Amino acid sequence: MAIQTQAKIPVVDFSNEDLKPGSSSWSSMRRDVCRALEEYGCFVAELGNKVPLEIHDTIFGAVRELFDFPTETKKKLSSERPGHGYFSKAFYERLAIGNGNSPEETQKLTNIFWPNGNVHFRESADSYAKLMEELDQMVMRMVFENYGVEKYYDSLTESVTRTLGFIKYKDAQNITSACNALDRHTDKTFTTILHQNQVKGLEIKTKDGQWVGFDYSPSSFILLAADALQVWSNDRIPSCIHRVQISENETRTRYSFGLFTFYDKITSVPEELVDEEHPLRYKPLNIFEYLKANVGHGGELSIKAYCGI
Ligand SMILES: O=C(O)CCC(=O)C(=O)O
Ligand SMILES: [Fe+2]
């Protein structure tokens, strides 16, 4: 009988300060990143000293304070855009702002909660948004180079918008058995980068159907390929299926935050990525129309059903 071994999400070390396109370490990382994305739709990026422990502690302290405000205050963060603003579900609460990598927007968010300012929150949110943005840019450059279409990289990065989102999972004391705090889904973005406090819960579904977790460090991030990247890559990179399961034995509260990247223009498969082995699998995608269409389907409309050929 074949023994199924537990799959492990690949970890890629991004701590090297001198990582530059064209260097030999860049090419070997590009290989590791693209292999991981093709196989798992995700990987863990270890940033090492690029993330000082103090800023990790500062942001999670401030995020805790943020969610401790009364619901009326949190509701002041409203937004027309699906998935933005504040909302509360059975097992989690979420706050998200568009253009979250812009210091003006984090300043506006800070002012809603702390009219006299909160430099810890604002500065640490800005530092994280910048770190995650740089990581996303490096990874996308690697992906575009890997498929020989780096000439399209600049026009992609010029037309992205990034949402900064914070999540608090409801206290585990109120949970009687291990629960699906966030149901299985794929993200309706191009890529998502997430960072958590030390409380486990995020699980990834592998191609052979196993659900796997992974170890976090204060300087690790997980990068997930999402629906628009699956379309762009013509199915070479699968959109990562993931969920959050909180154990009934967990006594700590789980917080996470992330940078959610959307390509503003129409995503279509580059002609170089269509060949006999990979016939065209998607019609051009407007991600914002897809988001709107999903609202009517309770978030269950898959990218294949929406624009697959
Ligand atoms: O909290 C997490 O680790 C996952 C969050 C997530 O999947 C999402 O916001 O789409
Ligand atoms: Fe997600």
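The figures here come from the full heavy-atom set of this structure, side chains too, leaving out hydrogens, waters and symmetry mates. For this chain, numbers begin at 1 and follow the sequence in order. Start at 1 and go down the list; that is how both ligands and their atoms are numbered. Everything numeric here is computed off the predicted structure, so don't read it as measured data.
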Would you call the rings of Phe190 and Tyr263 parallel, tilted or perpendicular if under 30° counts as parallel and over 60° as perpendicular?
-> perpendicular
When the ring planes of Phe257 and His195 are compared, do they come out parallel, tilted or perpendicular, using 30° and 60° as the limits?
-> perpendicular
Asn286 side chain to Ile266 main-chain N or O, any donor-acceptor pair under 3.5 Å?
-> no
With heavy atoms of Leu194 as the reference, note each atom of ligand 1 found under 4.0 Å away.
-> 4 (C)
Note: Asp187, heavy atoms under 4.0 Å from ligand 1, region reported as side chain
Counting from 1, what ligand 1 atoms have a heavy atom of Arg254 closer than 4.0 Å?
-> 1 (O), 2 (C), 3 (O)
Could you name the option among Leu182, Ile222, Thr186, Val244 that has the heavy atom nearest to atom 6 (C) of ligand 1?
-> Leu182
Tell me, please: is Arg243 in heavy-atom contact with ligand 1, that is, under 4.0 Å?
-> no
Is the Tyr128 ring parallel, tilted or perpendicular to the Phe221 ring (thresholds 30°, 60°)?
-> tilted
Phe113 and Phe121: aromatic ring centres closer than 6.0 Å?
-> no
Does Ser23 use its side chain to pair, donor to acceptor, with the backbone of Lys20 at less than 3.5 Å?
-> yes
State the count of protein N/O/S atoms located less than 2.8 Å away from the Fe ion (ligand 2).
-> 3
shortest atom 9 (O) of ligand 1-to-protein heavy-atom contact is with Ile167 CD1, 3.4 Å
Ligand 1 atoms in contact with Gln196 (distance to a heavy atom under 4.0 Å) = 3 (O)
Exactly one of His242, Gln210, Arg243, Gln245 clears side chain to side chain donor-acceptor pair (under 3.5 Å) with Glu203, and that residue is Arg243
Check each atom of ligand 1 against the heavy atoms of Tyr169 and keep those under 4.0 Å away; list them by number with element.
-> 1 (O), 2 (C), 4 (C), 5 (C)
Taking only heavy atoms of Arg94 into account, list the atoms of ligand 1 that are under 4.0 Å away from them.
-> 9 (O)
Atom indices of ligand 1, in the order listed, that fall short of 4.0 Å to a heavy atom of His242 | 7 (O)
If you measure from the Lys or Arg side-chain nitrogens to the Asp or Glu carboxylate oxygens, is any gap between Lys265 and Glu158 under 4.0 Å?
-> no
Salt-bridge criterion met for Arg236 and Glu38 (N-O under 4.0 Å) = no
Shortest non-hydrogen contact from Ala181 to Tyr92?
-> O-CD2, 3.5 Å
Sub-4.0 Å heavy-atom approach of Phe260 to ligand 1 | yes
Which residues satisfy the salt bridge (charged side-chain N to carboxylate O under 4.0 Å, His left out) test with Lys8, sequence neighbours excluded?
-> none
